[in-house]
Chemist: 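To start, I am sharing the structure in question, which I have written as structure tokens.
Proteins get letters first, then strands, A, B, ... in listed order; numbering begins at 1 in each.
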Protein chains: 2
Amino acid sequence: MRWLDESEQRVWRAYLATSQQLWDRLDDELQSGTGMPLSEYEILVRLSEAPDRRLRMSQLADLVVHSRSRLTHTVARMEGRDLVARRPCLEDGRGVLAELTDHGYQVLAEAAPVHVQSVRRHMFDPLSSEEVEVLGRAMRKIAESLKER
Amino acid sequence: MRWLDESEQRVWRAYLATSQQLWDRLDDELQSGTGMPLSEYEILVRLSEAPDRRLRMSQLADLVVHSRSRLTHTVARMEGRDLVARRPCLEDGRGVLAELTDHGYQVLAEAAPVHVQSVRRHMFDPLSSEEVEVLGRAMRKIAESLKER
DNA sequence: CCAATGCGCTTGAAGGTTCAAATATTCCGC
DNA sequence: GCGGAATATTTGAACCTTCAAGCGCATTGG
């Protein structure tokens with residue numbers, strides 16, 4: 001079995017710590033600007049981009065990388081705040097559609113600039129365009145490899 | 001206010017989704033191999049590297065990127081499983097030292113190969129050495145920039 | 001000295017996520 | 001069509017994290 005060498009170790013730890021810190025910061029900035037956690041914001045974004053602002057629960061879960069169960073609970077809470085609504089799916093009686101409400105759209109429209117600014121400031125501004133490019137490629141390669149097995 | 005363009009958008013989403021999936025996968029593989037979540041494993045690692053296998057609670061919290069409160073609760077649970085012990089800090093009566101127990105060390109030693117293999121497989125194997133290098137640099141730059149404000 | 005303020009950590013409750021099991025519907029082979 | 005396996009989602013309890021408040025020790029300034 002092969003261990004990580006010094007420099008791999010450094011990369012791995014930088015990645016691990018920084019990815020947490022970055023998430024925490026973006027989440028904080030969004031929450032203090034809008035009261036909404038980043039994980040819920042992502043749900044609004046995905047719905048807003050879908051045809052008729054609707055998606056099946058499981059598609060949505062995959063897009064935002066949540067478990068089915070987590071999404072069910074989260075959507076239930078968001079439904080209570082009138083951000084999304086649930087509708088039965090006509091093509092498949094087992095399915096449920098989550099739909100962005102008008103109010104949800106409003107909230108999203110207010111939150112978006114706050115979030116975009118955070119992302120720009122903390123992720124893109126510190127990096128050269130070459131670094132951004134390689135980072136994107138690296139993440140896509142990792143994602144690709146995660147799909148196998 | 002400047003929005004993200006197409007390609008920035010792609011990078012950002014690839015980063016966001018993949019970093020979650022990667023964490024989930026590493027966590028799953030560690031848990032199914034050892035029963036321990038990755039977040040607790042990280043605590044054992046940091047303690048094992050500290051002089052006398054001890055660290056102040058707040059240093060440890062910073063290293064693993066947990067809130068103080070979260071660390072208190074987690075260490076309490078781990079203490080119950082005899083992975084760590086708490087000792088008073090002699091230099092500062094307010095402080096508490098978390099110390100790795102022998103049993104904790106054992107558990108760590110068994111878990112480490114499982115985890116290292118996951119990291120190698122899912123993070124390093126898919127990337128060229130140039131990509132690894134740039135990824136490390138990019139994450140360090142982001143971390144640096146997060147420190148300011 | 002010793003009050004006042006701050007720091008390090010903990011507490012308990014509220015909130016969110018996971019886990020295993022339940023429900024309902026569809027799909028498949030016969 | 002019908003029974004059985006598979007799929008989509010939900011449920012509720014256990015578990016973990018966050019949040020606000022609290023406790024005790026340390027430090028500082030008068």
Chemist: Under the 3.5 angstrom rule, does the side chain of E8(B) hit a backbone N or O of D5(B) as a donor-acceptor pair?
Modeler: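 A pair under 3.5 Å: yes.
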
Chemist: Describe the nucleic acid contact of H73(A) in one word from base, sugar-phosphate, nothing, applying a heavy-atom distance below 4.0 Å.
Modeler: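 Base contact.
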
Chemist: Looking at every strand, decide which applies to S69(A) at a 4.0 Å heavy-atom threshold: base, sugar-phosphate, or nothing.
Modeler: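 It contacts base atoms.
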
Chemist: Are there more than 12 heavy atoms of other residues, nucleotides or ligands under 6.0 Å from atom OH of Y105(B)?
Modeler: no

Chemist: Please report, rounded to the nearest Å, how far the P atom of dT10(D) is from the NE2 atom of H66(A).
Modeler: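 Going from H66(A) (NE2) to dT10(D) (P), I get 15 Å.
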
Chemist: Please confirm whether the shortest side-chain N or O distance from S58(B) to OP1 or OP2 of dC9(C) is below 4.0 Å.
Modeler: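 It does, given that an N or O in the side chain of S58(B) lies less than 4.0 Å from OP1 or OP2 of dC9(C).
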
Chemist: Is any side-chain N or O of R56(B) closer than 4.0 Å to OP1 or OP2 of dC9(C)?
Modeler: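 So the side-chain polar atoms of R56(B) do come within 4.0 Å of the phosphate oxygens OP1 or OP2 of dC9(C), strictly under.
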
Chemist: Taking only the side-chain nitrogens and oxygens of S67(B), find out if one of them lies under 4.0 Å from OP1 or OP2 of dT18(D).
Modeler: yes

Chemist: Over all strands shown, is T72(B) touching base, sugar-phosphate only, or nothing at heavy-atom distances under 4.0 angstrom?
Modeler: base

Chemist: Rounded to whole angstrom units, what separation is found between the CD atom of E40(A) and the P atom of dG15(C)?
Modeler: 13 Å

Chemist: Please tell me if the side chains of S19(B) and W23(A) come closer than 4.5 Å, counting only heavy atoms from C-beta onward.
Modeler: no

Chemist: Would you say R86(B) places a side-chain N or O within less than 4.0 Å of OP1 or OP2 belonging to dT10(C)?
Modeler: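 For dT10(C), OP1 or OP2 has a side-chain N or O of R86(B) closer than 4.0 Å.
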
Chemist: Report the distance from atom CE of M36(A) to atom P of dG15(C), rounded to the nearest whole Å.
Modeler: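 Answer to the nearest Å: 18 Å.
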
Chemist: If you compare every side-chain N and O of T74(A) against the phosphate oxygens of dT17(C) (OP1, OP2), does one of them come in below 4.0 Å?
Modeler: yes

Chemist: Using only side-chain N and O atoms of R77(A), determine if any of them is under 4.0 Å from OP1 or OP2 of dA14(C).
Modeler: no

Chemist: What is the distance, to the nearest angstrom, from the CG atom on D27(A) to the C1' atom on dT17(C)?
Modeler: 15 Å

Chemist: Are OP1 or OP2 of dT25(C) and a side-chain N or O of R94(A) less than 4.0 angstrom apart?
Modeler: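 No, outside the criterion.
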
Chemist: Quick check on DNA chain C: between L90(A) and M57(B), whose nearest nucleotide comes earlier from the 5' end?
Modeler: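 It is M57(B) whose nearest nucleotide is closer to the 5' end.
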
